[in-house]
Structures are given as C-alpha cells and as structure tokens.
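Order of appearance sets the numbers: ligands from 1, and atoms from 1 within every ligand. Since we're looking at a predicted model, the values are computed, not measured.
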Amino acid sequence: MYRLSCIHCGAEYAPGEIIYTCPKCGHLLTVEYDLNTISVTRDEWDRRPLSVWRYREILPVTIKPVSLQEGGTPLYHLERIGEELGLPHLYAKHEGMNPTGSFKDRGMTVGVSMALQLGMKSVACASTGNTSASLSAYAAKGGIPAVVLLPAGKVALGKVAQALMHGAKVIAIRDNFDRALELVRELCIKHGIYLLNSVNPYRLEGQKTIGFEAVDQLGDVPDRFVLPVGNAGNISAVYKGLRELESLDFIDRLPMMTGIQAAGSQPVVQAVEGHLPEVVPQANPETVATAIRIGAPVNAEKALTAIRETGGTAAAVTDEEILSMQRDLAQKEGIGVEPASAASVAGIKKLVEEGAIDRDERIVCVVTGHLLKDPETVIKQCQPPIEIEATEQALLSVLHL
Ligand SMILES: *Cc1c(COP(=O)(O)O)cnc(C)c1O
Ligand SMILES: [Zn+2]
C-alpha cells in the first residue's frame with residue numbers, strides 16, 4: 001500500500017489522483033509506502049535477476065509492467081582512473097547500458113506502466129533529449145501515444161533520432177528546456193495528458209533502483225554516491241530509495257549524496273555552497289553537457305534535502321573538465337559515455353584534488369548515458385580517421401612500420 005504525500009506540508013493524496021504537485025501548497029509530491037507491511041527479504045530479492053523489477057515490492061505498479069528489461073547495468077571498478085587519483089575504491093555504474101541508453105528507462109518503465117494503470121490515454125514530456133528517447137520507446141512498447149517537447153537545436157543527435165524513430169510526436173520549441181517544461185506541464189494539466197517529467201513522483205520510483213542495484217552489486221553501502229545533476233530528480237530518487245532500504249533494515253547507513261553540475265549551469269551548487277534555503281533558478285544555463293543544461297531544476301527541494309541530510313556536497317566542473325573525463329573514461333577504462341555522464345567522475349577528480357574527500361572512501365559514480373547519444377560532440381574532439389589509398393604500402397606507412 002502507498003499514497004502520495006507532499007514533502008512540504010505533509011498533505012496526503014490517494015495514489016490514483018492525477019496530480020504532480022501538492023494542490024494545497026504547490027510543493028513536490030513523493031510516494032510513501034507502509035514499509036512495515038512489506039514482508040520481502042533480501043534473499044528473495046537476491047534470487048531475482050538484477051533489474052528494476054527485482055524490487056517490485058517497493059514500486060507502485062500493480063499491473064504487468066511495460067518493460068524493455070531495464071536496469072541490471074554494470075558496476076565497473078575504475079582501476080586506472082582510480083589509481084591516478086589515488087582512489088582505490090572508485091566505481092562507475094554505467095546507466096548508458098539501459099535499453100535506450102540512459103537511466104531514464106528506469107523511470108519510464110514505471111512511469112508508462114503507471115500511465116496505463118491510471119487509465120491515461122496519452123503521455124508527454126519536455127526533454128533535453130534522453131527523457132524523450134526513453135518515453136518514445138516505452139510508449140511504443142505500451143501502445144500509447146507520446147508527445148515530446150525539445151529545445152530546438154539543443155538536443156544531441158542520437159536522442160532526437162530515437163524519439164523520432166520510436167514514433168513520438170516530436171516538437172522543437174524555439175526556447176530552452178525550462179520553457180519547454182512549463183509549456184508541457186500546462187498542456188498536460190489542461191488536456192488530461194499524463195506528464196512524465198521527473199516532477200512525476202512515480203517516475204522517480206523507478207530511478208531509485210540505481211541505488212538498490214549499486215548496494216547489491218557492491219555488497220555494501222558505498223560511502224559516497226555521485227550523480228550529475230540537471231533537474232535533480234535522479235539524486236533525489238536514489239536518496240529516497242536508500243532511505244527506504246534503511247527503514248526496512250536492509251542497510252544501516254546512507255552514502256554521502258554528491259551532486260555535480262556544469263560550471264555554466266549550477267544553481268544547485270550555488271545553493272549548497274551558499275547555504276541558501278532554496279535553489280535560485282539560473283536564467284541562461286549553458287554547457288556542452290546538454291543533458292544537464294537546466295537552470296530551474298524541478299526537484300531542487302528534494303535534492304537539497306538529499307545532499308544536506310547525508311553530509312554530502314555539490315561541485316561544478318567546467319566543460320573542459322567534463323570532456324577530458326569523457327575521453328579518460330573511454331580511453332583508460334573502455335567506458336563510453338555522453339558528456340553529462342562524465343561530469344560525475346570529473347567532479348570526484350576535482351573534489352579529491354581539492355582535498356575535500358577521503359581517499360579511502362568507496363565511491364559510486366553514476367555515469368548516466370551512452371557515448372552514442374551525442375556523436376557530434378565526440379567527433380569534434382577526435383582526429384578524423386586517417387584516409388589512405390587501399391595499398392599495403394600506404395597502410396604500413398601510416399603505421400610507421
Ligand atoms: C537526465 C539526465 C541527467 C540529469 O538527471 P536529473 O535527474 O535531471 O538530475 C544527467 N545525465 C543524463 C545523461 C541524463 O539523461
Ligand atoms: Zn503541500
């Protein structure tokens with residue numbers, strides 16, 4: 001059993017109500033379970049495949065889920081990068097290995113399932129790219145029409161390709177993500193379309209399983225959990241989930257939740273560093289990491305709680321630091337990620353170099369999306385292929401043999 005509850009005023013709502021924020025005070029909602037009535041054991045979970053649905057007892061879906069077999073992503077030990085940084089226990093959870101290449105699939109398997117469970121007839125989102133790719137695929141699987149709003153000219157090529165190919169109605173607006181979200185929220189509320197941005201509390205339920213899986217894979221709670229922060233849904237989701245595990249007595253402490261933003265788009269970092277009571281939106285966010293190019297993070301209130309309650313922190317990294325870590329992950333670890341994803345590891349590099357974190361910590365960095373999402377940024381950073389005549393001599397000559 002569960003209900004929706006307001007994180008600010010505590011008002012409670014039935015799970016079937018189609019609301020995205022508290023009708024009384026306007027703050028965010030969260031899904032609250034009666035955890036003392038949940039009787040699942042760790043052993044039962046361990047017998048199931050590693051996936052979002054391993055944890056179905058603390059997910060809101062009661063129908064057969066709309067699933068593309070999301071989750072179960074690898075947790076890699078970053079041996080070379082860790083050695084260079086003096087961090088022997090540095091790990092990356094590669095969320096780019098999900099069905100559409102980002103962690104958004106964890107949210108969408110639950111979100112689109114809930115759309116059907118609640119009897120909704122269509123779904124929509126605003127997106128910097130990955131949410132639209134994921135929603136489009138899961139809507140196709142669920143057999144429900146989808147509308148996606150993108151900031152024109154600011155979405156990585158692979159993501160637009162996915163949204164188009166999976167059959168969503170794709171609309172590019174001549175403004176940024178924050179405006180696209182305002183528009184789509186209005187549209188959904190006025191026209192009975194189900195909104196699947198991360199303001200939707202059910203979507204975050206799916207995303208919390210990143211934390212569950214990391215704990216299961218590591219066999220323990222990491223000391224620190226590091227995520228790139230855009231709308232701040234994912235960091236909030238992982239924190240919420242781990243608190244539930246704590247309430248179930250499956251874990252006995254929480255990791256320090258650590259959020260990384262791009263220097264040109266860092267409202268959460270400013271709130272944390274400035275000890276502000278809330279996040280002040282930033283008007284014109286700019287970064288090569290388009291997935292976190294967000295000035296008004298909708299889940300800011302939840303994210304500040306996650307960071308502050310766990311003794312975590314937030315830090316900003318420059319676009320150069322992001323791209324340099326994208327290359328390091330690719331070339332030193334064999335892990336291909338899109339720029340936003342590299343921000344988490346780039347942030348740890350920065351924090352350790354500043355002496356802000358302990359070198360013995362066990363650190364899980366979430367790398368959020370796949371390299372192929374944004375081929376254009378990759379091509380710009382690399383030398384083009386060496387083109388030669390099709391002769392052995394020419395081949396040997398370019399290889400200096
Ligand atoms: C959505 C996304 C993010 C940001 O996640 P939030 O929940 O919005 O903070 C980071 N990286 C990638 C690749 C994403 O798709
Ligand atoms: Zn409220």
Side-chain angles (χ1 to χ4, degrees), residues 4-13 19-30 93-98 100-108 125-135 155-156 158-159 162 177-178 181 196-201 203-204 206-208 210 226-240 257 259-262 265-269 279 285 287-303 306-307 314 322 326 336-347 365-374 377:
L4 294 172
S5 84
C6 172
I7 64 166
H8 184 73
C9 75
E12 295 192 341
Y13 303 96
I19 46 175
Y20 307 101
T21 48
C22 177
K24 292 205 177 89
C25 75
H27 284 254
L28 296 166
L29 299 171
T30 191
K93 184 136 174 80
H94 192 354
E95 288 295 299
M97 303 296 272
N98 274 296
T100 78
S102 85
F103 72 81
K104 300 299 197 300
D105 294 344
R106 294 181 188 268
M108 287 306 173
C125 70
S127 178
T128 62
N130 282 329
T131 301
S132 69
S134 187
L135 180 60
V155 178
K159 305 176 187 181
Q162 289 177 293
F177 168 82
D178 299 303
L181 182 57
L196 277 170
N197 278 98
S198 59
V199 68
N200 182 314
R203 208 187 97 182
L204 297 187
Q207 290 174 203
K208 74 186 180 185
I210 298 176
V226 191
L227 298 102
V229 171
N231 259 317
N234 216 24
I235 191 168
S236 309
V238 169
Y239 167 71
K240 177 194 191 264
M257 299 302 299
I260 309 298
Q261 295 197 293
S265 177
Q266 50 161 316
V268 173
V269 177
V279 168
T287 168
V288 67
T290 49
I292 52 173
R293 186 174 171 272
I294 292 170
V298 288
N299 289 293
E301 188 179 359
K302 289 181 177 176
I307 292 168
I322 289 172
Q326 184 190 23
V337 301
E338 65 167 287
S341 314
S344 57
V345 191
C365 294
V366 180
V367 296
T368 42
H370 199 277
L371 170 78
L372 292 173
K373 289 285 192 171
D374 189 356
T377 305

- Query: Should Glu95 and Lys104 count as an ion pair when the cut-off is N to O under 4.0 Å?
  - Reply: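 Salt bridge flag = no for Lys104 with Glu95.
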Short question: side chain of [X], backbone of [Y] - any donor-acceptor pair under 3.5 Å?
X: Asp178; Y: Gly295; result: yes
X: Ser265; Y: Ile292; result: yes
X: Ser341; Y: Thr368; result: yes
X: Asn231; Y: Val298; result: yes
X: Ser236; Y: Ala232; result: yes
X: Lys302; Y: Leu29; result: yes
X: Ser132; Y: Gly129; result: yes
X: Ser198; Y: Gly233; result: no

If the cut-off is 4.0 Å to any non-hydrogen atom of [X], which atoms of ligand 1 fall inside it?
X: Lys104; answer: 1 (C), 2 (C), 3 (C), 14 (C), 15 (O)
X: Gly233; answer: 6 (P), 7 (O), 9 (O)
X: Ala340; answer: 11 (N)
X: Val229; answer: 9 (O)

- Item | Protein-derived N, O or S atoms lying under 2.8 Å from the Zn ion (ligand 2), waters excluded |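 That number is 4, waters not included.
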- Message: Heavy-atom distances under 4.0 Å decide this one: backbone, side chain, both or neither, for Ile292 against ligand 1?
- Response: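 Near ligand 1, Ile292 shows its side chain, while the N, CA, C and O stay back.
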Starting from [atom], what is the nearest protein heavy atom, named by residue and atom, and what distance separates them?
atom: atom 5 (O) of ligand 1; value: Phe103 CZ, 3.4 Å
atom: atom 7 (O) of ligand 1; value: Asn234 N, 2.8 Å
atom: atom 8 (O) of ligand 1; value: Asn231 N, 2.8 Å
atom: atom 11 (N) of ligand 1; value: Thr368 OG1, 2.7 Å

- Message: Given Ala232, Gly107, Gly129, identify the one with the heavy atom nearest to atom 9 (O) of ligand 1.
- Response: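 Nearest option to atom 9 (O) of ligand 1, by heavy atoms: Ala232.
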- Is it the case that Glu301 and His27 place a side-chain donor and acceptor less than 3.5 Å from each other?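 Looking only at side-chain atoms, His27 and Glu301 do form a donor-acceptor pair, the distance falling under 3.5 Å.
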- Query: Is there a donor-acceptor contact under 3.5 Å linking the side chains of Asp105 and Thr100?
  - Reply: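 Per modelled atom types, Asp105 and Thr100 side chains form a pair under 3.5 Å.
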- Indicate yes or no: does an N/O atom of Asn130 lie under 3.5 Å from an N/O atom of ligand 1?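 Yes, since at least one N or O of Asn130 sits under 3.5 Å from an N or O of ligand 1.
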